[in-house]
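Report on one structure; see the data block that follows.
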Amino acid sequence: MVQYNFKRITVVPPGKDFIDIILSRTQRQTPTVVHKGYAISRIRQFYMRKVKYTQSNFYEKLSTVIDDFPRLDDIHPFYGDLLHVLYNKDHYKLALGQINTARNIIAKIAKDYLRLLKYGDSLYRCKCLKVAALGRMCTVIKRISPSLAYLEQIRQHMARLPSIDPNTRTLLICGYPNVGKSSFMNKITRADVDVQPYAFTTKSLFVGHADYKYLRYQVIDTPGILDRPFEDRNIIEMCSITALAHLRAAVLFFLDISGSCGYSIAQQAALFHSIKSLFMNKPLVIVCNKTDLQPLENLSEEDMKLVMEMKAEAMKTIGHGGEANEEGVLLTMSTLTENGVMAVKNAACERLLDQRVEIKMKSKKINDCLNRFHVAMPKPRDNKERPPCIPQAVLDARASADAAKEKKKLERKLEKDLENENGGAGVYSASLKKHYLLADDEWKEDILPEILDGHNVADFLDPDILQRCEELEREEGLRLEEEAAQEAFQIDGHELTEEQREILGQIRKKKALLIQEHRMKKRTAESRPIVPRKFDKDRTFTTDRMGRQLSSMGFDPSAAMDRARSRSRGRKRERSLSRAASDGDDMDIDGQQSSKKLRALSRSRSRSKSRPPEEVVPGEGFKDSAQKKKAIKKAKDSVRNRNKEARRGEADRVIPTLKPKHLQDEQAISDSAQLLVITGFR
């Protein structure tokens with residue numbers, strides 16, 4: 001079975017883009033550097049390679065264009081005539097012929113210039129020949145730019161054509177415009193053809209697929225045809241004529257017996273008789289559509305006579321010696337009410353299937369197939385009856401199984417039983433509400449409103465509402481218990497004496513003042529841990545104040561005051577020693593620290609003598625100076641090579657750039673040396 005997929009045709013670039021693609025590929029895929037110092041054979045080979053590569057690319061791209069487009073003489077006649085109707089096969093062949101001619105001209109240009117390049121005597125002449133060759137090739141492509149643009153438009157249109165198989169089982173729908181062809185196709189297939197109340201809504205062929213007896217049928221909706229001479233028909237009508245002429249299909253000729261399409265039955269009958277030659281040797285079904293507006297029985301005698309004449313002509317198109325079956329020739333239906341739609345489809349498919357089987361039975365291949373078949377016809381050996389013998393145990397088991405099923409049905413009805421009782425699958429819908437646990441069973445089928453009092457009910461529903469309410473009640477109970485406990489321990493002052501009440505008032509007042517002062521400090525600079533003197537202008541933070549506060553608390557403030565004064569910075573360096581000494585006498589807890597300060601201050605202010613590197617310092621891990629000296633020497637030896645190579649450390653693995661190739665080439669070095677001599681640097 002031949003399949004035509006025009007979507008695989010390669011995109012045809014415009015002439016300018018075609019040239020840019022080929023030249024950029026030549027620039028990228030071939031060498032780009034040549035020097036006049038090279039041997040002349042090398043220069044010739046360099047430019048000959050560019051010309052050959054450009055010619056091969058042009059030849060390959062043009063050959064792809066020619067091979068991808070179908071040849072009208074080699075494809076099915078249906079597609080050949082359809083392409084001729086849509087694009088005019090003369091123009092189509094002329095465009096492909098120009099592409100083929102351009103391909104041959106480019107090959108000839110490359111051959112001529114390759115012959116000339118073999119005798120090029122200098123780099124300049126070889127380059128000029130290369131430029132001339134590529135220029136002439138590009139000129140040829142520019143001249144066929146209109147043909148390339150025309151083929152690209154054809155490719156885009158062919159990609160939108162439906163994929164029609166001319167050899168498969170096909171139902172072909174035809175008739176006047178606006179008689180219900182597209183509506184019928186939408187009913188029997190999954191196609192979505194546009195349906196409008198005006199003529200020529202369908203302007204091209206549309207394809208859908210339907211199934212009948214487990215076989216796939218191809219349904220083609222054709223544009224409407226008008227009753228006029230063949231020469232006056234337009235491209236849209238010629239698409240239908242082409243399909244009727246070349247496709248082996250069952251033809252469904254639609255009649256609008258109501259006249260709502262704008263054409264009378266007489267006009268439709270005239271169209272039928274004008275194209276009846278296209279129906280020969282094809283199963284033909286006359287479909288009277290729109291019976292919801294005008295039944296067939298209510299037609300006038302003249303119209304009924306025309307319909308009967310069409311039926312008689314349809315009977316003649318059966319051919320092949322088959323018996324005329326009047327039941328499947330004239331059918332009525334209505335696509336609006338879907339009355340008779342499936343009957344029309346089944347009748348058309350059945351007639352097509354019978355014809356295909358009859359044709360195969362008359363072919364020569366059937367003899368080869370019949371030789372492989374043998375149909376066995378059993379014959380009775382005597383007249384004795386032999387009824388089936390079923391063991392009694394099997395019958396008892398069946399009876400017990402049936403009894404168990406009946407008993408189970410009486411106990412509880414399953415969803416399967418309910419489904420069978422209420423119309424079966426697709427009709428019965430199981431209720432999900434009957435298992436709800438509610439206080440009243442009558443509430444199960446109540447419809448929950450979505451909007452109530454202008455609010456969305458779903459926003460106010462919480463499946464865990466009871467659990468949340470219990471948590472809130474528990475939390476509220478705990479909070480009330482804590483408040484009760486605090487109130488139980490709170491001092492009311494009723495059971496206190498007069499003196500205790502005064503003390504309690506002072507405490508509460510002091511507490512309020514401290515809270516207020518703390519809040520003030522948080523908002524001012526006094527909240528800093530250390531207050532410099534420039535901020536303590538009122539001298540509120542003094543040692544005397546600290547002494548008074550410590551005395552009021554019952555502590556001896558003398559030691560703390562002396563220590564605070566010793567901590568203050570003195571104006572002279574000599575006084576720090578005496579203060580440190582007095583500090584050690586006054587406070588025994590800092591005696592050790594004071595002795596350290598004394599030792600540090602007793603040292604001379606002049607620079608001490610530098611320690612030699614070999615001297616061992618406790619804690620370095622060396623037993624003597626000789627061992628330390630040896631270790632220093634080993635450390636220096638380990639980094640000597642690294643420092644020579646200018647490495648940053650042990651992890652520095654950078655490999656320096658080696659000499660470029662032109663510095664290692666002896667020819668290049670000698671040329672640079674000669675240049676230096678000429679310029680006077682050597």
Side-chain angles (χ1 to χ4, degrees), residues 8-74 83 87-158:
R8 297 181 180 177
I9 300 177
T10 308
V11 178
V12 182
K16 185 177 179 182
D17 295 345
F18 204 108
I19 294 170
D20 293 341
I21 292 170
I22 300 300
L23 293 184
S24 64
R25 183 182 296 178
T26 303
Q27 185 71 11
R28 285 184 283 108
Q29 301 294 335
T30 57
T32 56
V33 178
V34 65
H35 299 288
K36 62 180 180 180
Y38 290 170
I40 189 63
S41 59
R42 184 177 178 182
I43 296 174
R44 291 171 185 166
Q45 189 65 29
F46 176 85
Y47 288 107
M48 288 172 66
R49 181 177 178 182
K50 284 187 173 293
V51 174
K52 285 181 182 178
Y53 191 81
T54 306
Q55 182 266 336
S56 64
N57 282 335
F58 275 121
Y59 193 90
E60 179 183 354
K61 293 287 286 185
L62 295 176
S63 299
T64 303
V65 173
I66 295 171
D67 296 339
D68 284 351
F69 278 90
R71 301 192 178 205
L72 300 183
D73 298 334
D74 298 341
L83 295 180
Y87 315 122
N88 193 341
K89 65 179 181 180
D90 296 333
H91 294 173
Y92 177 77
K93 290 183 176 180
L94 185 62
L96 289 178
Q98 289 179 354
I99 301 297
N100 188 31
T101 303
R103 181 179 64 176
N104 296 332
I105 291 175
I106 289 175
K108 186 175 182 301
I109 290 172
K111 184 178 179 181
D112 294 342
Y113 276 90
L114 287 175
R115 188 182 297 112
L116 293 175
L117 279 169
K118 289 181 180 179
Y119 301 99
D121 55 356
S122 65
L123 185 146
Y124 176 75
R125 186 160 297 178
C126 292
K127 183 176 181 180
C128 290
L129 290 173
K130 185 266 297 186
V131 172
L134 268 59
R136 289 188 62 185
M137 293 180 190
C138 295
T139 303
V140 173
I141 297 298
K142 287 181 181 178
R143 288 179 180 175
I144 62 170
S145 294
S147 299
L148 294 174
Y150 173 73
L151 290 176
E152 174 60 17
Q153 292 181 359
I154 291 180
R155 184 200 67 81
Q156 294 177 2
H157 194 277
M158 291 176 66

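A pairwise comparison of heavy atoms in Cys138 and Leu23 identifies SG-CD1, 4.0 Å as the closest pair. Of all the heavy atoms in Cys126 and Leu117, the pair that sits closest is O-CD2, 3.5 Å. In terms of heavy atoms, Ile40 sits closest to Ser122 at CD1-N, 3.7 Å. Scanning all heavy atoms of the two residues, the minimum distance from Ile109 to Ala133 falls at CG2-O, 4.0 Å.
Residue Gln156 places its CD atom among more than 12 non-hydrogen atoms of other residues, nucleotides or ligands, all under 6.0 Å distant. The local environment of CZ in Arg28 is crowded, with over 12 non-hydrogen atoms from other residues, nucleotides or ligands closer than 6.0 Å.
Taken to the nearest 0.5 Å, the NZ atom of Lys118 stands 10.0 Å off from the CD atom of Gln45. Here CG of Leu96 is found 10.5 Å from OG1 of Thr101. Values are rounded to the nearest 0.5 Å. Remark: Arg155 CZ to Ile9 CD1 distance equals 7.5 Å, nearest 0.5 Å. The distance from atom OH of Tyr113 to atom CG of Leu134, rounded to the nearest 0.5 Å, is 10.5 Å. Here the CG-CG distance, from Leu83 to Asn88, works out to 11.5 Å after rounding to the nearest 0.5 Å. To the nearest 0.5 angstrom, Asn57 atom CG is 9.0 Å from Gln55 atom CD.
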Next on the checklist: The test is side chain to side chain contact (heavy atoms under 4.5 Å, CB included); show your working for Ile22 and Thr54 and say whether it passes.
Outcome noted: CA-CA 7 Å; Ile22 300 300; Thr54 306; 3.9 Å; yes
Item to check | Working for side chain to side chain contact (heavy atoms under 4.5 Å, CB included), residues Ile154 and Tyr92 | outcome: CA-CA 9 Å; Ile154 291 180; Tyr92 177 77; 3.8 Å; yes
Could you list the donor-acceptor pairs under 3.5 angstrom formed by side chains in residues 58-71, with sequence neighbours left out?
unit_1 : atom_1 : unit_2 : atom_2 : d
Ser63  : OG     : Tyr59  : O      : 2.6
Ser63  : OG     : Arg103 : NH1    : 2.9
Thr64  : OG1    : Glu60  : O      : 2.8
Asp68  : OD2    : Thr10  : N      : 3.2
Asp68  : OD2    : Thr10  : OG1    : 2.5

Using residues 139-151 as the side-chain source, report each donor-acceptor pair under 3.5 Å to any protein atom, sequence neighbours left out, with the distance given to one decimal.
unit_1 : atom_1 : unit_2 : atom_2 : d
Thr139 : OG1    : Gly135 : O      : 2.8
Ser145 : OG     : Ile141 : O      : 3.4
Ser145 : OG     : Lys142 : O      : 3.0
Ser147 : OG     : Gln98  : OE1    : 2.1
Tyr150 : OH     : Tyr87  : O      : 2.9

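Among residues two or more places apart in sequence or in another chain, the side-chain contact (heavy atoms from CB on, under 4.5 Å) test is passed with Lys89 by Leu72, His84. Not counting sequence neighbours, the partners of Arg115 by the side-chain contact (heavy atoms from CB on, under 4.5 Å) test are Lys111, Asp112. Arg25 is linked by a side chain to side chain donor-acceptor pair (under 3.5 Å) to nothing, counting only residues two or more places apart in sequence or in another chain.
Under the 4.5 Å side-chain criterion, counting only non-hydrogen atoms from C-beta, Val33 is not in contact with Phe46.
The side-chain hydrogen bond (donor to acceptor under 3.5 Å, both in side chains) pairs that include a residue from residues 30-44 are Thr30-Lys50, where partners are two or more places apart or lie in different chains.
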